[in-house]
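Heads up, the thing below is written out as structure tokens.
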Amino acid sequence: MKLSIAISSLLALNVAALPSKLLRRGINNAAVQLIGSLEGFSSDFYYINGHKTIGYGHDCVAKQDCDTIDAPLTKTEGAALLKEDLAGYESCVCSLSNAKYLNANQYGALVSFAYNSGCGGVENWWHGAMDQKNFEGICEALPTTNTLGGQLSNRRRQEGEFCAQPTNSTSGC
Ligand SMILES: *[C@@H]1O[C@H](CO)[C@@H](O)[C@H](O)[C@H]1NC(C)=O
């Protein structure tokens with residue numbers, strides 16, 4: 001009895017930290033947390049390139065849901081929006097050649113790259129390596145790829161480290 005209480009409270013904590021409304025292709029919680037920490041969190045609306053944004057980089061103009069979001073946003077609500085937003089980028093990464101052979105961490109790193117560089121970006125930068133299944137090469141190249149002249153170096157370095165962490169889990173593509 002004690003054990004089952006302990007387990008159910010652990011599960012409750014997990015759900016609170018990372019709510020999941022939609023079925024995901026396979027991005028792991030560690031990758032969602034990485035992307036959340038790289039994006040940074042804002043409980044109120046702010047503007048990026050004139051686009052109204054909130055939470056973990058949720059562009060509500062592009063998503064056409066600005067009117068449905070009540071600021072201030074909680075981190076839990078922000079994480080829910082982030083996971084919804086990542087679903088589209090997960091599709092982009094999964095549509096790359098050989099994506100089903102990526103492990104979960106390589107996949108998460110590429111979803112982070114796609115979230116930040118766009119679906120066209122992930123295709124442009126990595127289609128050659130994906131064609132060759134050179135996944136380790138992607139992890140090695142991430143820290144110096146599309147850094148906007150160094151502005152994104154810290155983000156890319158963390159993506160590269162995440163990418164290179166061994167795991168037996170697969171992308172789920
Ligand atoms: C992957 O699986 C092998 C064989 O079961 C195991 O030895 C290894 O520790 C696992 N690696 C990771 C990162 O879990």
Side-chain angles (χ1 to χ4, degrees), residues 1-41 55-58 75-76 78-119 121-147 150-173:
M1 191 59 193
K2 268 189 182 166
L3 183 62
S4 70
I5 289 171
I7 288 171
S8 57
S9 32
L10 269 180
L11 288 175
L13 272 179
N14 259 336
V15 169
L18 289 167
S20 148
K21 275 199 224 160
L22 302 173
L23 191 62
R24 300 299 144 196
R25 279 179 183 277
I27 194 162
N28 59 24
N29 283 348
V32 176
Q33 277 162 4
L34 171 75
I35 296 167
S37 79
L38 292 173
E39 290 296 326
F41 178 76
Y56 294 102
H58 175 80
K75 285 195 167 182
T76 303
L81 285 174
L82 175 60
K83 287 199 92 174
E84 283 174 27
D85 291 346
L86 289 177
Y89 295 96
E90 288 191 68
S91 297
C92 298
V93 172
C94 279
S95 68
L96 297 171
S97 59
N98 298 313
K100 66 179 174 186
Y101 302 114
L102 292 165
N103 74 34
N105 292 342
Q106 293 161 344
Y107 174 70
L110 284 178
V111 173
S112 176
F113 185 91
Y115 190 55
N116 174 245
S117 305
C119 289
V122 81
E123 167 71 23
N124 286 341
W125 287 105
W126 304 118
H127 71 91
M130 291 300 294
D131 286 347
Q132 297 165 25
K133 293 195 201 169
N134 182 14
F135 307 142
E136 287 176 14
I138 292 174
C139 300
E140 283 169 19
L142 265 169
T144 54
T145 300
N146 194 21
T147 64
Q151 289 178 66
L152 296 176
S153 290
N154 179 49
R155 179 183 183 120
R156 292 284 175 267
R157 182 181 53 72
Q158 292 188 57
E159 289 169 349
E161 284 171 6
F162 187 86
C163 185
Q165 276 171 31
T167 175
N168 289 329
S169 301
T170 61
S171 66
C173 292

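All figures in this text were calculated on a predicted structure; none of them were measured in a lab. For this chain, numbers begin at 1 and follow the sequence in order. Note that ligands are numbered from 1 as they come in the structure, with each ligand's atoms numbered from 1 the same way. These numbers come from the heavy atoms of this one structure, side chains and all, not from hydrogens, waters or symmetry mates.
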- Query: Residues in side-chain contact (heavy atoms from CB on, under 4.5 Å) with Ser97, at least two apart?
  - Reply: Met130, Asp131
- Message: Show, in sequence, the C-alpha distance, side-chain angles and deciding distance for Ser117 and Arg156, and conclude whether the side chain to side chain donor-acceptor pair (under 3.5 Å) test is met.
- Response: CA-CA 11 Å; Ser117 305; Arg156 292 284 175 267; 3.1 Å; yes
- Is there side-chain contact between Leu82 and Tyr115, with at least one heavy-atom pair below 4.5 Å? yes
- Item | Near ligand 1, at a heavy-atom separation below 4.0 Å: residues by chain and residue number | Pro166, Thr167, Asn168
- Query: Can Glu90 and Tyr107 be counted as having a side-chain donor-acceptor contact under 3.5 angstrom?
  - Reply: yes
- Item | With Glu123 via salt bridge (charged side-chain N to carboxylate O under 4.0 Å, His left out) - residues at least two apart | none
- Query: Going by the salt bridge (Lys or Arg N to Asp or Glu O under 4.0 Å) test, which pairs reach into residues 133-146, not counting sequence neighbours?
  - Reply: none
